Amino acid sequence: MRKTFVWIVIGLMVLGIGAGAFQAFRGLSGQQTGVNTALSDTTGDTLENGSAETEEKPAYNTREQVYANAHPDFSESEVKRDIRLGLDKPLYEEAGTVSDPDAVDVFVSKHWQLPDGYIPADLTDMQGVRLREPAARAWEALQSDLSEAGIPVYLQSGWISADETESLYSQAVEEYGQERADLVFARPGFFDSNTGLSVDFGLEGVEDPATDSRYPQIVDAAIRHGFIVRYKADNEALSQTAAMPVHLRYVGPKLAQELTETGQSFDEYYGTQ
């Protein structure tokens with residue numbers, strides 16, 4: 001059931017008719033370079049005596065300098081963020097391995113992977129899917145609160161094994177091509193659902209929860225219980241993944257609130273650590 005749902009979601013998103021349907025297609029060629037944010041004038045302020053104040057050059061290592069030369073419009077903080085995220089490398093190549101896969105704020109992307117063979121030790125059954133214990137308890141509380149508010153949400157999918165991920169990814173590549181498949185999916189170990197901390201949810205009687213008037217209320221409640229919407233349309237350049245409004249990732253209440261207050265995405269947060 002879970003595998004069928006995941007495959008349906010992939011199909012809908014690739015075809016452009018599902019929740020958060022493929023906003024990333026518009027800027028496909030530019031997604032691996034980071035966010036192109038305009039800089040203020042860096043030529044230096046003119047002093048009263050007519051001389052120009054020389055602006056200090058950023059302190060870059062070799063890798064950062066190469067990336068900065070290729071992206072002259074990027075600020076120093078953007079260059080360092082993108083390097084930290086691995087956006088200067090092709091997908092999956094020279095990827096980093098996370099040091100603490102059991103942390104609730106573990107960061108997984110197409111450049112940061114879980115250790116080979118990693119399976120969470122605290123997986124538990126929850127409404128027909130498997131989740132890590134912290135995420136399961138948080139989902140249970142979230143669902144209860146929303147039910148009391150008359151919003152009947154339910155679990156669609158949770159933890160997905162490496163073998164199942166490989167199967168689904170291969171099918172997606174065969175069906176839709178590498179480039180499109182990578183926008184809505186990832187290889188084993190690079191897939192957020194491999195952490196056991198993410199869920200895809202549904203809303204009873206609604207085909208696309210993101211279009212329902214109650215969706216903002218669902219997101220607000222999710223944040224209070226430690227979940228964030230992992231993939232948003234305005235963050236596709238950094239996440240290199242199409243928007244998925246029904247994909248929630250548990251990071252803990254403290255971090256979820258911090259990200260909400262600062263307006264940072266999970267990628268931005270990790271890229272500045």
Side-chain angles (χ1 to χ4, degrees), residues 1-13 17-21 102-106 108 120-161 164 184 191-235 239 241-266:
M1 177 67 179
R2 183 181 67 220
K3 184 173 182 178
T4 300
F5 167 76
V6 173
W7 187 244
I8 291 173
V9 168
I10 293 171
L12 289 175
M13 295 185 72
I17 59 176
D102 292 325
V104 295
D105 62 349
V106 60
V108 175
D122 59 347
L123 288 172
T124 185
D125 292 330
M126 172 62 62
Q127 300 169 13
V129 305
R130 302 185 75 189
L131 292 171
R132 283 191 57 194
E133 188 69 28
R137 299 287 76 82
W139 170 260
E140 196 171 40
L142 169 61
Q143 187 180 44
S144 176
D145 284 359
L146 289 174
S147 178
E148 290 180 6
I151 304 177
V153 295
Y154 59 93
L155 277 177
Q156 296 273 30
S157 67
W159 176 72
I160 298 179
S161 70
E164 189 173 357
V184 294
F191 191 38
D192 195 52
S193 293
N194 296 152
T195 65
L197 295 167
S198 63
V199 304
D200 291 308
F201 72 89
L203 178 60
E204 289 185 15
V206 178
E207 183 176 353
D208 184 355
T211 64
D212 192 272
S213 61
R214 297 166 292 180
Y215 180 74
Q217 190 174 347
I218 295 172
V219 173
D220 287 344
I223 292 168
R224 290 196 301 272
H225 289 281
F227 290 96
I228 59 171
V229 177
R230 176 65 181 91
Y231 302 112
K232 295 183 177 181
D234 61 1
N235 189 56
S239 69
T241 302
M244 299 182 187
V246 299
H247 183 85
L248 302 179
R249 165 62 197 275
Y250 183 76
V251 295
K254 183 179 179 180
L255 181 54
Q257 188 61 41
E258 179 183 339
L259 295 177
T260 302
E261 291 175 354
T262 62
Q264 282 187 308
S265 68
F266 195 29

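Keep in mind the model is a prediction, meaning the values are calculated, not measured.
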Check: residues 223-231 side-chain donor-acceptor pairs under 3.5 Å, at least two apart:
unit_1: H225; atom_1: NE2; unit_2: D145; atom_2: OD2; d: 2.7
unit_1: R230; atom_1: NH1; unit_2: D267; atom_2: OD2; d: 2.9
unit_1: R230; atom_1: NH2; unit_2: D267; atom_2: OD1; d: 3.4

Using a 3.5 Å cut-off and no angle test, enumerate the donor-acceptor pairs between side-chain atoms of residues 214-222 and protein atoms at least two apart in sequence or in another chain.
unit_1: R214; atom_1: NE; unit_2: D212; atom_2: OD1; d: 2.8
unit_1: R214; atom_1: NH2; unit_2: D212; atom_2: OD2; d: 3.3
unit_1: Y215; atom_1: OH; unit_2: P245; atom_2: O; d: 2.7

Determine whether L255 and F266 satisfy the following criterion, side chain to side chain contact (heavy atoms under 4.5 Å, CB included), listing intermediate values before the conclusion.
CA-CA 9 Å; L255 181 54; F266 195 29; 4.1 Å; yes

Could you walk me through whether R132 and W159 pass the side chain to side chain contact (heavy atoms under 4.5 Å, CB included) check?
CA-CA 8 Å; R132 283 191 57 194; W159 176 72; over 6 Å; no

Determine, step by step, whether S193 and H247 satisfy the side chain to side chain contact (heavy atoms under 4.5 Å, CB included) criterion, reporting the C-alpha distance in whole Å, the side-chain angles of both residues, the deciding distance to 0.1 Å, and the verdict.
CA-CA 9 Å; S193 293; H247 183 85; 3.7 Å; yes

Does the side chain to side chain contact (heavy atoms under 4.5 Å, CB included) test come out yes or no for R249 and V106, once each step is laid out?
CA-CA 10 Å; R249 165 62 197 275; V106 60; 3.4 Å; yes

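Partners of Q264 under the side-chain hydrogen bond (donor to acceptor under 3.5 Å, both in side chains) rule, at least two apart in sequence or in another chain, do not exist in this structure. Applying the side-chain hydrogen bond (donor to acceptor under 3.5 Å, both in side chains) test to S265 and every residue at least two apart in sequence or in another chain returns N235, E268. Partners of E258 according to the salt bridge (Lys or Arg N to Asp or Glu O under 4.0 Å) rule, which considers only residues two or more places apart in sequence or in another chain, do not exist here. Shown here are the side-chain hydrogen bond (donor to acceptor under 3.5 Å, both in side chains) partners of Q257, two or more places apart in sequence or in another chain: E261. For E148, the side chain to side chain contact (heavy atoms under 4.5 Å, CB included) partners at least two apart in sequence or on another chain are S144. Not a single side-chain hydrogen bond (donor to acceptor under 3.5 Å, both in side chains) links D105 to another residue, sequence neighbours left out.
Summarising the geometry, atom OH belonging to Y250 is positioned 10.5 Å from atom CD belonging to E133; distances are rounded to the nearest 0.5 Å. Here the CZ atom belonging to F201 is positioned 8.5 Å from the CG atom belonging to L142, to the nearest 0.5 angstrom. How far CG of D192 is from OG1 of T241: 8.5 Å, rounded to the nearest 0.5 Å.
A side chain to side chain contact (heavy atoms under 4.5 Å, CB included) with T195 is found for one member of V108, L131, I160 and no other, namely V108.
N194 places none of its side-chain heavy atoms less than 4.5 Å from the side chain of S161. Contact of the V184 side chain with the M244 side chain is registered, since non-hydrogen atoms from C-beta on lie closer than 4.5 Å.
A donor-acceptor contact closer than 3.5 angstrom is absent between the side chains of Q127 and E140.
Closest approach of D125 and R130 over heavy atoms only: OD1-CG, 3.5 Å. Residue S157 comes nearest to D200 through the heavy atom pair OG-OD2, 2.8 Å, listed as atom of the first residue, atom of the second, then distance. Looking at every heavy atom in both residues, A136 comes nearest to T124 through CB-CG2, 3.5 Å.
Judged purely by atom type and a 3.5 angstrom limit, Q143 uses its side chain to pair as donor or acceptor with the backbone of V153.
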